[in-house]
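My structure is below; once you've seen it, I'll send some questions.
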Number of protein chains: 2
Amino acid sequence: MEDITKERILSAAEELFAEKGYDAVTIREITSKARCNLSLVYYYFGSKKKLYLEVFKEKWASRARELHEAFFDAIEETKPTTLDEVIRILTATYLERKMNAQNLQFHLQLIARELQKPTEALDFVFHEIIKPFFARLEDLIHPFLNPSARKDNIVLSLFSVFAQIVHIINSRHVLPKLLERPFDAKTKELLIQHITTFSMYGMNGLIMQNSRDSFITEGLK
Amino acid sequence: MEDITKERILSAAEELFAEKGYDAVTIREITSKARCNLSLVYYYFGSKKKLYLEVFKEKWASRARELHEAFFDAIEETKPTTLDEVIRILTATYLERKMNAQNLQFHLQLIARELQKPTEALDFVFHEIIKPFFARLEDLIHPFLNPSARKDNIVLSLFSVFAQIVHIINSRHVLPKLLERPFDAKTKELLIQHITTFSMYGMNGLIMQNSRDSFITEGLK
DNA sequence: GTCTATAGCAGGATAGAC
DNA sequence: GTCTATCCTGCTATAGAC
């Protein structure tokens, strides 16, 4: 073995940190899952904290870039003409899986935990990934909006979309009980459909409201 | 001291578990914050796990009932005639503070963590509190809706509202950076206003839509 | 009910052989 | 690069005095 081991440690760590959180995971657990010796974490990364950070720099960041690529590619390809389509593509990027479904889940779980109780990792991720992505998203969306839309409206609407996406992942154990149906593919399809429709109307309504003479009437009426 | 100590332990535990999660908190930390001896946790609760459970049974459940009371009282008082008003009251119950703002924050943080990685506590909380509350909410909302609204639409719309509420609390450290303004009272007002408006249009649109084409999977055009 | 003292052990980290 | 062996801190938990 050489550097494959390092990769195996990172993958095991990502999964365990995502599922249980930093403190609930032991290095013994990680190396056992990665089928290697405990001390290799220290050889490759120096400490548990540094391994955790590296999960974000190596795994999380690159997955995020993949997702953003996929999103902007889909935009390029479909050349949406209404806000509705943009929101649909955004939601689908995060909930339909071109990417492996489980990896996408870990990805969202990890960031959810960082938001809840930020560490150095969030600092890195926010400046390197999230902030630039939001800037691009704002630029993308702006032309679709009536000029009266304020930056606040855009950012908060995006916030609402991501809130729903993250909450689906976070509450995936309870959701089936609330909906009284299993969390299968069909249910997931329903959830995607719901977020898209709900957010589209929400965003359109919001922006129409703070402008009387809207020309974005496509979504409603 | 007598039973006041027990209460102090519960309060300290609630705050720390909410902020850091079960594994990151030590009993030493809890008892130090509660200004009492470490062994009293074992005297009163038996173990760390049992203390955690008791936080939900004693603190979380009663706070939830308070909130639900406050919500249904406000409904009684204002006698809303449109869906918009109901949603506004729901959002305001969870984000404006009649209740101490910090306690409300702990309340939401605690349940967010339980959703993420459920324990025995969620089982209790779901059956005793959440499920009955959702049932009452559905009954309340149903008359305001167009008869074509399905149970799924209602549950998912409520889900979207709570998603946004919880996400505001969870990402409160990052939100100011995204909005480029401090997380002060004025910003909080803006957030409440946003969730209310966004959700109101989202929910109305959603229900109008499926009254139009009678099944949701058909999508939009 | 509250305290002291301590058992018992898990988990992060390091030294050093191969 | 990978492994064994071990250190040591800090944790949950208990026994027992007051």
Side-chain angles (χ1 to χ4, degrees), chain A residues 1-60 109-110 113-114 117-122 124, chain B residues 1-59 110 113-114 116-122:
Chain A
M1 302 290 162
E2 348 93 66
D3 253 24
I4 297 170
T5 305
K6 190 176 177 183
E7 179 52 34
R8 278 214 316 278
I9 294 174
L10 277 170
S11 286
E14 179 191 30
E15 177 167 347
L16 288 167
F17 285 143
E19 276 182 347
K20 308 174 149 206
Y22 181 84
D23 296 283
V25 175
T26 68
I27 294 184
R28 284 168 171 78
E29 207 177 348
I30 294 169
T31 50
S32 158
K33 192 179 187 92
R35 298 189 311 284
C36 73
N37 191 274
L38 181 154
S39 61
L40 289 182
V41 162
Y42 300 95
Y43 174 74
Y44 283 115
F45 304 99
S47 73
K48 187 184 176 186
K49 272 227 126 62
K50 284 178 187 167
L51 165 59
Y52 180 75
L53 239 172
E54 216 56 25
V55 166
F56 278 86
K57 294 198 172 174
E58 290 296 317
K59 307 281 287 187
W60 200 93
Q109 281 178 286
L110 274 175
R113 290 189 181 281
E114 267 301 308
K117 185 163 171 288
T119 70
E120 206 184 327
L122 184 60
F124 163 79
Chain B
M1 302 290 161
E2 349 89 72
D3 253 23
I4 296 171
T5 306
K6 189 176 178 182
E7 178 53 33
R8 278 215 315 279
I9 294 175
L10 278 169
S11 287
E14 179 192 30
E15 179 169 344
L16 289 166
F17 285 144
E19 278 183 343
K20 308 174 151 205
Y22 182 84
D23 296 283
V25 175
T26 68
I27 293 183
R28 283 167 170 78
E29 210 177 348
I30 294 168
T31 51
S32 158
K33 191 178 188 93
R35 298 188 313 284
C36 73
N37 191 275
L38 182 153
S39 61
L40 289 182
V41 162
Y42 300 95
Y43 174 73
Y44 283 116
F45 304 99
S47 73
K48 187 184 176 185
K49 272 227 125 60
K50 284 179 187 165
L51 165 59
Y52 180 76
L53 238 172
E54 216 55 26
V55 165
F56 278 86
K57 295 198 172 173
E58 289 296 316
K59 307 283 288 187
L110 273 174
R113 290 189 181 281
E114 266 301 309
Q116 240 168 20
K117 186 163 169 287
T119 71
E120 206 184 326
L122 185 60

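Every value quoted in this text rests on a predicted model; they were computed, and no experiment measured them.
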Expressed in angstrom and rounded to an integer, what is the separation of B:Ile30 atom CD1 from D:dC11 atom P? 11 Å
Whole-Å gap separating P (D:dG1) and OH (A:Tyr44): 6 Å
Give a yes/no on whether any side-chain N or O of B:Thr5 is located under 4.0 angstrom from OP1 or OP2 of C:dT2. yes
Nearest-Å distance, CG (B:Leu51) to P (D:dC11)?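 From B:Leu51 CG to D:dC11 P: 16 Å.
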Between D:dT4, C:dG11, D:dA13, spot the one nearest the side chain of A:Thr26, thanks.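 It is C:dG11.
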Identify whether any heavy atom of A:Ile27 sits under 4.0 Å from a base atom; if not, whether one sits that close to sugar-phosphate; answer base, sugar-phosphate or nothing.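 Touches sugar-phosphate only.
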Are B:Phe17 and B:Tyr52 an aromatic pair, judged by ring center distance below 6.0 Å?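 Here the rings of B:Phe17 and B:Tyr52 have centres that are less than 6.0 Å from each other.
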Yes or no on salt bridge (Lys or Arg N to Asp or Glu O under 4.0 Å) for B:Lys33 and B:Glu15, after CA distance, side-chain angles and deciding distance? CA-CA 10 Å; B:Lys33 191 178 188 93; B:Glu15 179 169 344; 3.3 Å; yes
Pair A:Glu7-A:Lys59, side chain to side chain contact (heavy atoms under 4.5 Å, CB included): steps then yes or no: CA-CA 10 Å; A:Glu7 179 52 34; A:Lys59 307 281 287 187; 3.0 Å; yes
Whole angstrom value for the distance that separates P of C:dG11 from NZ of A:Lys20: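 Whole-Å distance recorded here is 10 Å.
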A:Lys48 vs A:Tyr22, side chain to side chain contact (heavy atoms under 4.5 Å, CB included): CA-CA, chis, key distance, verdict: CA-CA 9 Å; A:Lys48 187 184 176 186; A:Tyr22 181 84; 3.4 Å; yes
Proximity to the side chain of A:Arg28 - top-ranked nucleotide from C:dT2, C:dG12, D:dT2: C:dG12
A:Arg8 CZ to D:dT2 P: how many Å, rounded? 8 Å
Atom-to-atom span, CD1 of A:Ile9 to C1' of D:dC3 - whole angstrom: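 Distance check: A:Ile9 CD1 to D:dC3 C1' gives 13 Å.
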Polar pair under 3.5 Å, donor/acceptor by atom type, side chain B:Ser39, base C:dC3: yes
Report the distance from atom CD1 of A:Ile4 to atom C1' of D:dT2, rounded to the nearest whole Å.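 Rounded to whole Å, this separation is 14 Å.
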Can you tell me if A:Tyr42 touches the phosphate of C:dT14, counting only side-chain N or O atoms and a distance under 4.0 Å to OP1 or OP2?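 For C:dT14, OP1/OP2 do not have a side-chain N/O of A:Tyr42 under 4.0 Å.
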Upstream residue (5' side of DNA chain D) when B:Val25 and A:Cys36 are each assigned their closest nucleotide: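 Nearer the 5' end of the strand: A:Cys36.
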